[in-house]
Amino acid sequence: MKNESRVILVTGGTRGIGAAVAAQLHGRGHRVLRDPARQIEGGRQDGLQVLCLDVTSAASVEACVHELLRREGRIDVLVNNAGYDLFGAVLETQWHEFMDQLDTNFLGAARMVQAVAAAHARATVGRIINISSIGGEVGLR
């Protein structure tokens, strides 16, 4: 059962760590779905399925999870990876920029956990992996 193909949703799966995680899991034979937040570099096709998802929208999160359950019948793993860095002095950063980052990096992950955990509870199985930044531990100098 360890080698069984899993249904895996990766948020923020088009660049950086998320793209690498999605490609690695897909390469191991899992059914990986990701959000199409950004165009894949060079427009290349990577063989991964996409689902519309905006982690800052509760309606989008619910619609994405609903559609994934409709397509696949289950969600075995959620990899919460959507997020971005915000650099700049506090006095030079607009309040809406702080709020947008908080909505994406923290509340977006919480929305995804709530939506997917409900499906996991009904199935009595599932995993959630949250990828975070060291920025919460170490500040810039």
Side-chain angles (χ1 to χ4, degrees), residues 1-90 92-141:
M1 193 146 195
K2 282 186 177 184
N3 293 330
E4 181 181 322
S5 178
R6 303 273 195 285
V7 175
I8 302 172
L9 174 60
V10 179
T11 69
T14 57
R15 292 184 5 175
I17 292 171
V21 167
Q24 185 73 241
L25 293 168
H26 178 69
R28 292 182 180 182
H30 298 294
R31 300 203 26 95
V32 179
L33 297 95
R34 62 168 171 75
D35 59 315
R38 291 191 172 92
Q39 181 69 21
I40 299 295
E41 263 181 47
R44 67 182 167 79
Q45 295 298 317
D46 57 12
L48 301 177
Q49 294 185 54
V50 295
L51 286 169
C52 290
L53 173 61
D54 174 0
V55 298
T56 67
S57 163
S60 178
V61 167
E62 291 298 325
C64 173
V65 170
H66 178 77
E67 176 61 16
L68 179 50
L69 290 171
R70 187 193 68 75
R71 282 189 198 181
E72 301 292 334
R74 67 186 204 272
I75 302 171
D76 299 314
V77 180
L78 165 65
V79 179
N80 250 334
N81 177 70
Y84 67 94
D85 294 327
L86 177 64
F87 297 104
V90 170
E92 296 171 358
T93 304
Q94 299 296 312
W95 189 254
H96 72 87
E97 294 173 306
F98 292 124
M99 298 307 292
D100 289 346
Q101 186 184 40
L102 181 65
D103 196 20
T104 300
N105 295 8
F106 176 71
L107 297 176
R111 283 184 195 97
M112 292 303 304
V113 166
Q114 283 185 328
V116 172
H120 285 175
R122 287 188 298 276
T124 67
V125 296
R127 290 183 187 232
I128 296 174
I129 300 166
N130 292 308
I131 297 176
S132 182
S133 166
I134 195 166
E137 297 278 331
V138 179
L140 298 175
R141 293 180 190 205

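Reckoned from all heavy atoms, side chains included, excluding hydrogens, waters and symmetry mates.
Looking at every heavy atom in both residues, D35 comes nearest to V10 through OD1-O, 3.4 Å. In this structure, A115 and V61 approach most closely via the heavy-atom pair CB-CG1, 3.7 Å. Heavy atoms only, all atoms of each residue included: V113 and L78 are closest at N-CD2, 4.1 Å. Across all non-hydrogen atoms, the minimal contact from H120 to I75 is NE2-O, 2.9 Å. Of all heavy-atom pairs spanning C64 and L53, the tightest one is CB-CD1, 3.9 Å. Between G29 and S5, the shortest heavy-atom distance links the atoms O-OG, 2.9 Å.
Taking a 6.0 Å sphere around CD1 of I128, one finds it holds more than 12 heavy atoms contributed by other residues, nucleotides or ligands. Taking a 6.0 Å sphere around CZ of F106, one finds it holds 12 or fewer heavy atoms contributed by other residues, nucleotides or ligands. The neighbour count for R71 CZ, taken as heavy atoms of other residues, nucleotides or ligands under 6.0 Å away, is above 12.
T11 places a side-chain N or O within donor-acceptor distance of the main-chain N or O of A82, the cut-off being under 3.5 Å. Listed for the Q101 side chain is a donor-acceptor partner under 3.5 Å among the backbone atoms of Y84. No donor-acceptor pair closer than 3.5 Å links the side chain of N130 to the backbone N or O of N80. In this structure, H30 contributes its side chain and A22 its backbone to no donor-acceptor pair below 3.5 Å.
Rounded to the nearest 0.5 angstrom, L51 CG and L33 CG are separated by 5.0 Å. Note that CG of L25 is 11.0 Å distant from CZ of R6, once rounded to the nearest 0.5 Å. The distance from the CG atom of D100 to the CD atom of Q94 is 11.0 Å, given to the nearest 0.5 Å. Expressed to the nearest 0.5 Å, how far CD of E62 lies from OG of S57 amounts to 9.5 Å. The structure places CE of M99 at 11.0 Å from OG1 of T104, a figure rounded to the nearest 0.5 Å. Between the CD1 atom of I8 and the CZ atom of R34 there is a distance of 14.0 Å, given to the nearest 0.5 Å.
Taking the side chain as every heavy atom from C-beta outward, V55 and R111 never approach each other to under 4.5 Å. Counting heavy atoms from C-beta outward, L9 and E72 have side chains that stay 4.5 Å or more apart.
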>> Working note: T93 + L86, criterion side-chain contact (heavy atoms from CB on, under 4.5 Å); need CA distance, chi angles, decisive distance, verdict.
In response: CA-CA 9 Å; T93 304; L86 177 64; 4.0 Å; yes

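Qualifying salt bridge (Lys or Arg N to Asp or Glu O under 4.0 Å) partners for D54, counting only residues two or more places apart in sequence or in other chains: none.
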